[in-house]
Amino acid sequence: TYIHSQMVARLAEAFAMSLADRQPERFAGLLGTGNPAEIWRRKPEIEQIVRNAGLFHDLGKLMCLETVTVYNRRLFDTEFDIIRNHPMGGYQMLLGDPLTEMYAQSALMHHRFYDGTRGYPDLPENFVRNPNLDVLTDLITVADSMDAATDVVGRGYSAGISFEQLVKEYREGYNTRYAGYVVDLLDDPGLVHSLREILDTGRQELYIECYRRFQQELGRERNSKDAD
């Protein structure tokens, strides 16, 4: 989940930087300004906001870690039902602090269709969507599915698909499952190159980093036991 959250953050950042160049007005409500030049100047701020949204999008999985860590087999229906509640859990946790509440909507809605017809979870009765935050949801939704669909290491229960197959799925889900303006960004060769690097060497580096941290933690535990 740590690796996935890092991957989603990096992929979403890449999409966001391309979007800021091509359609800066998409971020107008998010930054409280409609001036494209001002939005472009604040690209580092946009990058950080999108990165945070990626890092926080699966926060609700903290509530179902025993199910999330089931590997090398398909989930039972009851287990999948538990995991389907993670967007709501993340939404509730992120709303609890003024520093994170702007990321609650994208955490809640990143598994829902862009056109609102399908997906999960059901939205709370008192939920009022903030259109100024829609761009975060749209970016995170695509970035989340991109990592999930192509990762064959951390998701042994499912077969990954190629980048080309995934792009085809995005085209088929244009303005239904996925925001069309985000899908259109995949026409940018520079962005595609960056995404492929993140999915290849970037993912490998994250797995190696986590493996080394895990080995270090095991070493500390052994040393502690030996000292006792």
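Every value quoted in this text rests on a predicted model; they were computed, and no experiment measured them. The figures that follow rest on heavy atoms only: side chains count, while hydrogens, waters and symmetry mates do not.
Listed here is the closest heavy atom pair of Arg129 and Pro131: O-CD, 3.3 Å. The nearest pair of heavy atoms linking Pro87 to Ala107 is CB-O, 3.4 Å. Taking both residues in full, the closest heavy atoms of Pro98 and Glu101 are given as O-CG, 3.6 Å, listed atom of the first, atom of the second, then distance. When all heavy atoms are compared, the tightest approach of Ala16 to Val50 is CB-CG2, 3.8 Å. When all heavy atoms are compared, the tightest approach of Gly54 to Val8 is CA-CG1, 4.0 Å. Of all heavy-atom pairs spanning Leu166 and Ala149, the tightest one is CD1-CB, 3.9 Å.
Heavy-atom contacts from other residues, nucleotides or ligands closer than 6.0 Å to CG of Asp97 number more than 12. Counting heavy atoms of neighbouring residues, nucleotides and ligands inside a 6.0 Å radius, atom CE of Met63 does not exceed 12 of them. Within 6.0 Å of CG on Asp77 lie no more than 12 heavy atoms contributed by other residues, nucleotides or ligands. The 12-atom threshold is not exceeded at CZ of Arg212, counting heavy atoms of other residues, nucleotides or ligands nearer than 6.0 Å.
Met93 CE to Leu59 CG: the interatomic distance, rounded to the nearest 0.5 Å, is 4.0 Å. Between atom CH2 of residue Trp40 and atom CG of residue Asp21 there is a gap of 7.5 Å, rounded to the nearest 0.5 Å. The CG atom of Leu185 lies 11.5 Å from the CE atom of Met17; values are rounded to the nearest 0.5 Å. In this structure, CD in Glu217 is found 11.0 Å from CZ in Arg222, a value given to the nearest 0.5 Å. We find the CG-CG distance between Asp200 and Leu195 to be 12.5 Å, quoted to the nearest 0.5 Å. How far CD of Glu172 is from CD of Glu169: 6.5 Å, rounded to the nearest 0.5 Å.
Although no hydrogens or angles enter the test, the distance criterion places no donor-acceptor pair under 3.5 Å between the side chain of His193 and the main chain of Gly190. Checked by atom type and distance alone, the side chain of Thr100 pairs as donor or acceptor with a backbone atom of Leu94 at under 3.5 Å. Side chain of Asn175 to backbone of Gly180: a donor-acceptor contact under 3.5 angstrom is found.
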Applying salt bridge (Lys or Arg N to Asp or Glu O under 4.0 Å) to Glu47 and Lys43, what does each step give before you reach the verdict? CA-CA 6 Å; Glu47 188 173 14; Lys43 283 178 67 175; over 6 Å; no

Can you check side chain to side chain donor-acceptor pair (under 3.5 Å) on Ser18 and Asp188, steps first, answer last? CA-CA 8 Å; Ser18 177; Asp188 177 1; 3.3 Å; yes

Between Glu38 and Arg41, is the salt bridge (Lys or Arg N to Asp or Glu O under 4.0 Å) condition met? List the steps. CA-CA 5 Å; Glu38 174 67 9; Arg41 187 182 67 81; 2.8 Å; yes

Under the side chain to side chain donor-acceptor pair (under 3.5 Å) criterion, do Tyr120 and Asn85 qualify, and how do the steps go? CA-CA 8 Å; Tyr120 64 89; Asn85 286 324; over 6 Å; no

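Here the side chains of Met109 and Gln105 are in contact, with some heavy-atom distance below 4.5 Å. Residues Leu108 and Pro121 are in side-chain contact: their nearest non-hydrogen atoms beyond the backbone lie under 4.5 Å apart. The shortest distance between side-chain heavy atoms of Leu199 and Met7 falls below 4.5 Å. Residues Leu95 and Tyr91 have side chains in contact (heavy-atom distance under 4.5 Å, counting atoms from C-beta outward). Counting only heavy atoms from C-beta outward, the side chains of Phe27 and Ile49 never approach each other to under 4.5 Å. Residues Tyr170 and Ser145 are in side-chain contact: their nearest non-hydrogen atoms beyond the backbone lie under 4.5 Å apart. In this structure, His4 and Asp144 have side chains that are in contact, with non-hydrogen atoms separated by less than 4.5 Å. The side-chain heavy atoms of Thr141 and Arg177, taken from C-beta on, include a pair separated by under 4.5 Å.
Both Val192 and Ile198 are part of a single hydrophobic cluster, where members link through side-chain heavy atoms under 4.5 Å apart. Under the 4.5 Å side-chain heavy-atom criterion for grouping Ile, Leu, Val, Met, Phe, Trp and Tyr, Ile140 is not connected to Ile3 through any hydrophobic cluster. Phe127 and Tyr114 end up in different hydrophobic clusters when Ile, Leu, Val, Met, Phe, Trp and Tyr side chains are linked at under 4.5 Å. When hydrophobic clusters are built by joining Ile, Leu, Val, Met, Phe, Trp and Tyr residues whose side-chain heavy atoms come closer than 4.5 Å, directly or via intermediates, Ile46 is not grouped with Leu55.
Each of Asp138, Asp115, Val183 was compared with Tyr178 under the side chain to side chain contact (heavy atoms under 4.5 Å, CB included) criterion, and only Val183 meets it.
Salt bridge Lys168/Glu164: absent, no basic N to carboxylate O contact under 4.0 Å.
Centroid-to-centroid, the aromatic rings of His57 and His111 stay 6.0 Å apart or farther.
Arg26 forms a cation-pi arrangement with Tyr181, by the criterion of a distance under 6.0 Å to the ring centre and an angle within 45° of the ring axis.
Using modelled atom types and a 3.5 Å distance limit, the side chains of Asp151 and Tyr207 yield a donor-acceptor pair. At a cut-off of 3.5 Å, with distance as the only test, a side-chain donor of Thr150 or Arg203 sits close to an acceptor on the other residue. Remark: the Gln216 side chain and the Tyr211 side chain contain no N/O donor-acceptor pair separated by less than 3.5 Å. Looking at Gln165 and Ser162, their side chains do bring a donor and an acceptor atom within 3.5 Å of each other.
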